[in-house]
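Structure first, commentary second.
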Amino acid sequence: MAPVANPSAATAPTPLSPAELSYLHSSLSLRPPIRPDSRKPAQFRPLTAELDILPSTHGSSRIVWPDGGECIVGIKAEVEKATPNKDIRSRVEVSVEVAGARDDDPLAVFLASSVGDTLGQKLAGRLEIGERWHWKLYIDILLLTPPVSHPATLLSLAVHLGLRCTNLPRLVSAADEDPLFDDDWDAALPLYPSNAAEVGDVPAVTLLVAAVGENIFFDPTREEMAVADCVLAVSVDWDGKIVGLRTLESGTVSEGGVKRKVIKKVVEQCVPVGKEVFKSLEGIIKAGF
Amino acid sequence: MIANPVLAISLLTLLCLRIDGRRWNELRRFHAQLSTQPAAADGSSMVEHGNTKVVCTVVGPAEVSQRSKMLHDRASVTVEVTFAAFSGTDRKRRLKSDKRVQEMRTMLQRTFSQAIMTHLHPRSEITISLHVLSQDGGVLAACINATTLGLIDAGIPMSDYVVGMSAGSSSATTSAAVSFEEAADPLLDVNHIEEGELPHLTVATLGATDNITLLTMESKVHLAMMEGMLAAAVDGCRKLREMLDEVVRAHGTEVARNGAL
């Protein structure tokens, strides 16, 4: 995918001086590196997650980060008549609203398109109803506070959790008839069955990775992103496939750009870390039901 | 439990209960929380009236964002209201330029500019942002209560709690011979279905004084029914003020126990 011209312009600049940035850069380039919050390179910040919080949606979730990032996802489905020769990806519509920003804020537009791309065709294939109809899924994401660090990971995890707890009414009519649904909400079927994880068919997640010298850091904070040589948003699937890769921004300390070798290392590390992330998401979902 | 829904509904009318099983003067389940986002804002709160859910964040008093907002003798109050696209029954994106949203903003701004002791923070700005996550009637009332709690959490001086409450009036079911005054039956804290069917109003009062600081009604209604609705709403405000006070005191005790005070 093409690099995007600084989509994180909306995130607040760091208050650090050039000397402090340089100090941070060198402590991150040490081997082993020292992160300001003493996390390990592949360790995420602790987060709080809630599932199924809104009664008027088909599925919803809320994730809060300790730095104040809060994101609420609401998923609603509508029945739509299938039009032949139409891209099935149009069955999923993602919109992002950033509090305090305008409706056409570049960050919101970028985040919406990146979430949509990550989910892609796999999700759209789940939305069939019979032969002539399909579900249209609206994924609305609300970023409650102007982001302090880049919200790509926050959003992607919240969307994953939201989709996993989405239920759709059960179809009672035959496949070739006009659709008729069971009006008992208790009989609704989950969009992703509870064994989806064992089959490996769950929505992909996007991880943010920062590279400083030879070192690679997951879930970078705003300060770490400011000194990184390059920041990548990597989308990984359950089975370790990379489904998307974007460069986000490079820091101000070095002259920018990284070698091919670093990108390779990032991608290689994303596979095991992605596995860990999926495992903990599974834990949240199990605890939620 | 009664299995037959038709029987259940007729039973409700027989017992003079409302569609969700409440009596005329009962509130919906009320739940409120303070400091929901301690890191992101100076004050934050979350309020639920039944299925209506509103989140509020307060920033300030801080330096004004635009010079034009600076008032030399008091603080300016800015309110932002956003409706999440998934908040209603049908998905609908409401833009910030929507007339209704703008009107709500102005009403809240006017009400809270009075209640906040703005003269204590001249040349600064207090920004209140409200997110409606789920709407099931009484959205304005929920917004008012969420803002009050958010402002308290931010430690902004106010003269008293501003408490919002909605009330409706069930239309005359008895014969036309009875006067409107006797037939009118006020209902406290209307939900979405009642809002669609019946005339309703929203009232905000200033704490223990019972002084009305905000009153809005958009439905056509006989003058005689108005008084009953207003009385029910003001009474509901008084009840809710105690509930808000309890929430604030419980939060204060918790903060004190954690050693922050």
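Worth saying up front: this structure is predicted, and the values here are computed from it rather than measured. By convention in this document, chain letters (A, B, ...) are assigned in the order of the sequence lines, proteins followed by strands, and residues within each chain are numbered from 1. Values below: all heavy atoms of this structure, side chains included; hydrogens, waters and symmetry mates excluded.
Taking B:Glu80, B:Gln135, B:Arg93, B:Lys53 one by one and counting their heavy-atom pairs under 4.5 Å with chain A, the maximum is reached by B:Arg93. Across A:Glu70, A:Glu78, A:His58, the residue that shares the most heavy-atom pairs under 4.5 angstrom with chain B is A:Glu70.
Contacts between B:Ser87 and chain A at a heavy-atom distance below 4.5 Å involve the backbone alone (N, CA, C, O). The contact between B:Val55 and chain A is made entirely by side chain atoms (from C-beta outward), counting heavy-atom distances below 4.5 Å. Neither the backbone nor the side chain of B:Ser129 comes within less than 4.5 Å of any heavy atom in chain A.
Ring pair B:Phe30/B:His49 is perpendicular by interplanar angle, where above 60° counts as perpendicular and below 30° as parallel.
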So A:Ser95 and A:Asp140, side chain to side chain donor-acceptor pair (under 3.5 Å) or not? Walk me through it.
CA-CA 5 Å; A:Ser95 79; A:Asp140 291 294; 2.6 Å; yes
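Salt-bridge check for A:Arg39 with A:Asp219: passed, with a basic side-chain N closer than 4.0 Å to an acidic carboxylate O.
With rounding to the nearest 0.5 Å, the separation of CG in B:Asn51 from OG in A:Ser56 is 7.5 Å. Once rounded to the nearest 0.5 Å, the distance linking OG of A:Ser60 with CG of A:Leu163 reads 11.5 Å.
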